Amino acid sequence: MTWIDLPDGTPFGPDNLPLGVFRLGDEEPRIGAAIGDHLIDLAPVASAQMLDGSQLFNQPTLNAFLALGRPAWKATREWLIDLVRNENNRDAVEPHLVPRSAVTMLLPFEVADYVDFYASEVHATNLGRLFRPDSEPLLPNWKHLPVGYHGRAGTVVASGTDIVRPSGQRKPPTADTPTYGPSQRLDIEVELGFVVGTPSKLGTPVSVDAFEDHVYGVVLVNDWSARDLQAWEYVPLGPFLGKSFATSISPWVVSLEALKDATVPLPRQDPPVLPYLQGDLKNPDITFEVHWNGQLVSTPPYSEMYWSPAQMLAHLSVNGASVRTGDLYASGTVSGNAKDQRGSFIELSWGGREPITVNGEERTFLQDGDEVTITGWATASGGARIGLGEVTGRIAPAVS
Ligand SMILES: O=C(O)/C=C/C(=O)CC(=O)CC(=O)O
Ligand SMILES: [Ca+2]
Ligand SMILES: [Mg+2]
């Protein structure tokens, strides 16, 4: 399959070839493609082959590449596949294979706008029960439109960035007035992020069928959430400071093309959705693993998500809002039906009332020094693993 040595079970086999931005020593950041324990430094390989646009890879972000659109994404993928499969390319590529352990991975693209959805029925039901115990868990709109909110693009950070515990207002139900201080209910949210390449025109909605023309690929997302800040501030306008302090994403952008054999039909939508949300709808079949201080605590499955990524894009643009190169929209927390498939600690510990055991300790929310690592992968036809790599972050103490 490839002339490059691959470790067993690598997330980055010859069918994946995700793109990311790396820094090697004090050299300028540039674009690489992951393969096994290495990356291919693409700029020198492309310029030696005198490819049009080889300057594209000599960039500190993927944005210029993303803006090229689907035909160029496909051509680039075919070129990459040939580089790693065809032994004739060995002499050209081998000098530019860099061990991934030798580089620092950066934010892969400059994030334009950031939207966060709420597309898991299990998660929305669980949070409804926890935040609004006296009402129906799912609000009347939930099965008619993919609920979402606009987040803060400027605080989307690279995997590995420390997350400073946010401070803010919180008012426990038993208190009469709010107090200010470090969040005591700091949480994670396991999500899949969709990366927009091709922009759309202001005033013109993007149809469900045009999803693959606009979205290049996916990243892992951890949408850190301060549940105490959130519970006090969110009514009636939705999430604000409880979410905006940081959102971490994985460094490798996996293309939709690499995932095309790893999809499942959408769960049945009942009641039927409006025509602009109808189409041939699929979900990527990704399984996540959540490690809390090294211990596996949950394995959320993407396949059960109620709203598809194409419906999210159609909905976020149906009023004529345009999308831009570098837009990121996230699925919302991925939670499965089983207890050990929940994608947040507020669900895993049921609001803090049912602690879970992590490395022998009873735990509910995040403590300073805790580290959370989320991985994810799909299985392509033929059994090859298409890995998304990982997104990781450690909690640093609040600023006093
Ligand atoms: O139900 C609520 O009031 C709040 C829900 C969330 O915190 C979820 C959110 O950020 C969207 C998601 O990740 O699913
Ligand atoms: Ca979220
Ligand atoms: Mg966030």
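For ligands, and for the atoms within them, numbers begin at 1 and follow the listed sequence. Remember, predicted model here, so these are calculated numbers, not experimental data.
- Around CZ of F240, the count of heavy atoms belonging to other residues, nucleotides or ligands within 6.0 Å does not exceed 12.
- At the shortest separation from atom 1 (O) of ligand 1 among protein heavy atoms lies Y118 OH, 2.4 Å.
- For ligand 1, the atoms sitting less than 4.0 Å from at least one non-hydrogen atom of D116 are 10 (O), 11 (C), 13 (O), numbered in the order shown with element in parentheses.
- Among residue pairs with one or both ends in residues 13-25, those qualifying as salt bridge (Lys or Arg N to Asp or Glu O under 4.0 Å) are D15-R85; sequence neighbours excluded.
- When heavy-atom distances to ligand 1 are checked against a 4.0 Å cut-off, R129 has no atom that comes that close, whether in backbone or side chain.
- A 6.0 Å sphere centred on CG of D5 holds no more than 12 heavy atoms belonging to other residues, nucleotides or ligands.
- Here the Ca ion (ligand 2) is the vertex; the OD2 atom in D116 and the OD2 atom in D223 give an angle of 80° (to 10°).
- Classification of the Y276-H315 ring pair by plane angle, with boundaries at 30° and 60°, yields parallel.
- Taking every heavy atom of R227 and a limit of under 4.0 angstrom, the matching atoms of ligand 1 come to 7 (O).
- For ligand 1, the atoms lying closer than 4.0 Å to a non-hydrogen atom of E191 are 13 (O).
- Every atom of ligand 1 is numbered from 1 in the order shown, and the set under 4.0 Å from a heavy atom of Q230 is 4 (C), 5 (C), 6 (C), 7 (O).
- In summary, the atoms of ligand 1 found under 4.0 Å from a heavy atom of G332, numbered by their order in the structure, are 12 (C), 13 (O), 14 (O).
- Of all atoms in ligand 1, numbered sequentially from 1 with element shown, those under 4.0 Å from a heavy atom of H123 are 8 (C), 12 (C), 14 (O).
- Note: Y302 and F288 have tilted aromatic rings, judged against thresholds of 30 and 60 degrees for the angle between ring planes.
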_Using the rule given for side-chain contact (heavy atoms from CB on, under 4.5 Å), can you reason through D213 versus T198, listing the C-alpha separation, both sets of side-chain angles and the distance that settles it, and then say yes or no?_
CA-CA 7 Å; D213 295 329; T198 312; 5.7 Å; no
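- Within the 4.5 Å cutoff, the side chain of S200 has heavy atoms near those of the S322 side chain.
- Within ligand 1, the atoms closer than 4.0 Å to a non-hydrogen atom of R132 are 1 (O), 2 (C), 3 (O), numbered from 1 in the order shown.
- Nearest non-hydrogen protein atom to atom 13 (O) of ligand 1 is T333 OG1, 2.7 Å.
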*May I have the step-by-step check of ring pair (Phe, Tyr, Trp, His ring centres under 6.0 Å) for F345 and F365, ending in yes or no?*
CA-CA 6 Å; F345 297 154; F365 294 98; 8.1 Å; no
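- Counting heavy atoms closer than 4.0 Å to ligand 1, residue F117 contributes backbone atoms (N, CA, C, O) but none from C-beta onward.
- Put simply, the residue from D370, L366, V372 that forms a side chain to side chain contact (heavy atoms under 4.5 Å, CB included) with N293 is D370.
- Note on E189: its N/O/S atom closest to the Ca ion (ligand 2) is OE1.
- Of all N, O or S atoms in E191, the one lying closest to the Ca ion (ligand 2) is OE2.
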